[in-house]
Amino acid sequence: MTEFSWQLRTAPIDWVSDDPQLSGNFAPIGPEIAADDLEVTAGAIPPELSGVYMRNGPNPEFKPIAYTYPMDGDGMIHAVYFDNGRARYRNRFVHTRGLETERRAGRAVYGSVMRPFPVDPALVGPHGDPGPVKSGAYINILRHGDHLIALGEAQPSYEMTMELETIGEWRAGTDSVIELGAHNRRHPTTGDLFALAYSVFEPVVTFHHIDRAGRLKRSFPVTLSMPSMIHDFVLTERTIVLLVGPVVFDVEAPAAGKPFLQWRPELGTRIGLIPLDGTAPRWLDAEPFHVFHFANGFERGEEIVVDFVRHQSFGVRSGGGDRPPMLHRLVIRPGHSSVDETPLADFMTEFPRINDRHEALPSRFAYLPTLTETFGIDHPARAIFNALVKVDTETGATVRHDLGNRIAGEPVFIPKPHETREDAGYLAVYAYDPQTASSDLVLLDAEHPDSDPVAVIRMPQRVPQGLHGNWMARS
Ligand SMILES: [Fe+2]
């Protein structure tokens with residue numbers, strides 16, 4: 001049983017929305033709490049686990065004026081700390097300038113990325129987030145060097161303490177705030193971080209090369225043909241691989257009654273191979289598709305292998321009439337200017353993860369959520385999953401753990417200490433039961449994910465459906 005818990009902040013969310021992406025387990029929560037000695041309802045927490053699983057997600061405190069999931073909101077971090085077979089929990093908002101502005105106003109003042117909204121400068125103040133879209137730092141949470149960083153989408157990121165106090169906008173050792181994307185990649189040899197920030201106004205993405213201690217070494221631009229949405233990329237030992245799908249921003253479009261963000265398949269998808277020193281990229285052309293997330297990328301002889309979730313177009317609803325997003329592999333042969341693409345699995349998915357020790361190095365196993373026929377609850381929100389699948393990318397074999405009527409999120413791989421086999425570890429995933437409105441953190445054996453869970457840990461409050469997280473071993 002939970003021995004005790006205490007509230008750090010009591011304000012509940014006092015509004016409701018008819019937006020499916022703000023309803024059910026997508027509805028935000030208000031209280032920031034801490035709870036020790038979480039209840040384990042099945043199995044046992046492996047005593048050798050020492051570290052914290054943190055996860056970020058959009059959790060708007062005030063009822064939004066405009067909202068586009070998953071591209072708006074206030075960040076909230078949920079953290080489960082493991083030590084000696086016990087677990088404790090804490091959650092906190094990321095205290096961004098945008099959230100502080102809205103707290104001063106007592107209401108939402110920013111627009112959405114799909115509906116930018118001018119903000120009254122008097123509300124923002126001299127040090128506020130000027131908008132028109134809030135920099136919410138709601139997508140990911142990453143530790144690099146001694147820095148814990150909450151990340152948004154091509155926005156200022158926020159450094160936090162391991163107990164989730166917000167320190168402030170991260171400057172990576174410079175005099176100014178740097179904008180970062182939600183997904184950043186660590187070099188397997190140097191430990192340096194490569195980060196990307198795209199522009200919604202200019203046809204350019206900026207890469208930041210950050211050393212292993214968290215100091216910016218250099219930034220370099222890559223020129224595109226249109227301002228493009230690029231949510232993720234992959235690194236190999238020698239190359240940044242940038243997939244630029246035809247999801248473009250057109251700043252003139254809203255005045256003509258057209259959307260700011262558009263799917264323009266006639267532009268095709270371009271694959272950029274960018275040397276890590278920022279010298280001129282080489283571009284290859286492919287048929288139009290879109291990528292939100294990559295599982296991994298690596299070199300294999302003279303080939304570059306890229307595993308990713310392929311979207312046939314932008315905005316495909318999972319399980320809808322169009323071809324759903326699925327795990328695919330690109331094999332790029334730069335010497336022959338050729339690109340081959342093959343499906344690796346035939347189920348709807350998103351949020352692919354691997355054992356991050358294999359990031360930018362050859363990897364065999366991917367772990368992905370999916371939705372199965374055992375889910376029997378009417379839930380109108382997008383991005384609903386109820387099962388996790390381990391895919392062997394060499395054999396095509398799949399192993400599934402089905403959670404039935406519980407809604408799952410991104411699986412995060414926790415490596416077993418002192419073991420080096422790629423799949424020696426645990427998968428951590430939040431599972432929400434709509435019938436009891438309760439959340440569990442489920443730990444699965446990554447070698448045999450179809451087995452009974454290693455541990456089911458009851459959360460002391462509902463954990464809303466979020467986006468990305470990471471395991472941070474005690475260092
Ligand atoms: Fe993402």
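All values below come from the heavy atoms of this structure, side chains included, with hydrogens, waters and symmetry mates left out.
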Counting only heavy atoms not in [X], do more than 12 fall under 6.0 Å of its [atom1]?
X    : atom1 : result
R238 : CZ    : no
D120 : CG    : yes
R104 : CZ    : yes
D277 : CG    : yes

Report the C-alpha distance between D356 and R353 in whole Å, list the side-chain angles of each, state the deciding distance to 0.1 Å, and finish with yes or no for salt bridge (charged side-chain N to carboxylate O under 4.0 Å, His left out).
CA-CA 8 Å; D356 287 337; R353 294 299 295 258; 3.0 Å; yes
Using a strict 4.0 Å threshold on nitrogen-to-oxygen distance, state whether [X] and [Y] make a salt bridge.
X    : Y    : result
R97  : E169 : yes
R92  : E163 : no
D423 : K390 : yes

Students often mix this up, so state it plainly: with edges at 30° and 60°, are the rings of F292 and H231 parallel, tilted or perpendicular?
perpendicular
Going by the angle between their ring planes, with limits at 30° and 60°, are Y367 and F365 parallel, tilted or perpendicular?
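Ring orientation of Y367 relative to F365: tilted.
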For the residue pair S363 and N296, confirm or rule out a side-chain donor-acceptor distance under 3.5 Å.
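There is such a pair between these side chains.
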List the steps and the verdict of side-chain contact (heavy atoms from CB on, under 4.5 Å) for V309 and V291.
CA-CA 6 Å; V309 175; V291 185; 5.9 Å; no
Less than 6.0 angstrom separating the ring centers of [X] and [Y], yes or no?
X    : Y    : answer
F308 : F289 : yes
F207 : F194 : no
F249 : F260 : yes
F26  : Y67  : no
F351 : H293 : yes

Distance-minimising heavy-atom pair for [X] and [Y]:
X    : Y    : value
S135 : Y158 : O-CE1, 4.4 Å
L467 : P70  : CD2-CB, 3.9 Å
M472 : I141 : CE-O, 4.0 Å

R88 and D83: CA distance, side-chain angles, deciding distance, salt bridge (charged side-chain N to carboxylate O under 4.0 Å, His left out) verdict
CA-CA 9 Å; R88 67 181 176 95; D83 193 31; over 6 Å; no
Would you please test H468 and I139 for side-chain contact (heavy atoms from CB on, under 4.5 Å) and show each step?
CA-CA 6 Å; H468 303 290; I139 301 181; 3.5 Å; yes
Step-by-step side-chain contact (heavy atoms from CB on, under 4.5 Å) determination, V133 to V200:
CA-CA 11 Å; V133 176; V200 302; over 6 Å; no
Reported [atom1]-to-[atom2] distance for the pair [X] and [Y], which is rounded to 0.5 angstrom:
X    : Y    : atom1 : atom2 : answer
I149 : N184 : CD1   : CG    : 8.0 Å
N59  : I13  : CG    : CD1   : 6.0 Å
M162 : R90  : CE    : CZ    : 12.0 Å
N140 : S157 : CG    : OG    : 11.0 Å

Between E350 and H311, does a side-chain hydrogen bond (donor to acceptor under 3.5 Å, both in side chains) hold up when you go through it step by step?
CA-CA 9 Å; E350 248 301 346; H311 289 248; 2.7 Å; yes
Could you go through Y53 and Y430, starting from their C-alpha distance and side-chain angles, then the distance that decides it, and tell me whether this counts as ring pair (Phe, Tyr, Trp, His ring centres under 6.0 Å)?
CA-CA 11 Å; Y53 165 51; Y430 283 115; 5.6 Å; yes
Candidate list R215, H209, H144, test side chain to side chain donor-acceptor pair (under 3.5 Å), partner D192, passing option
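When R215, H209, H144 are each tested with D192, the side chain to side chain donor-acceptor pair (under 3.5 Å) holds only for H209.
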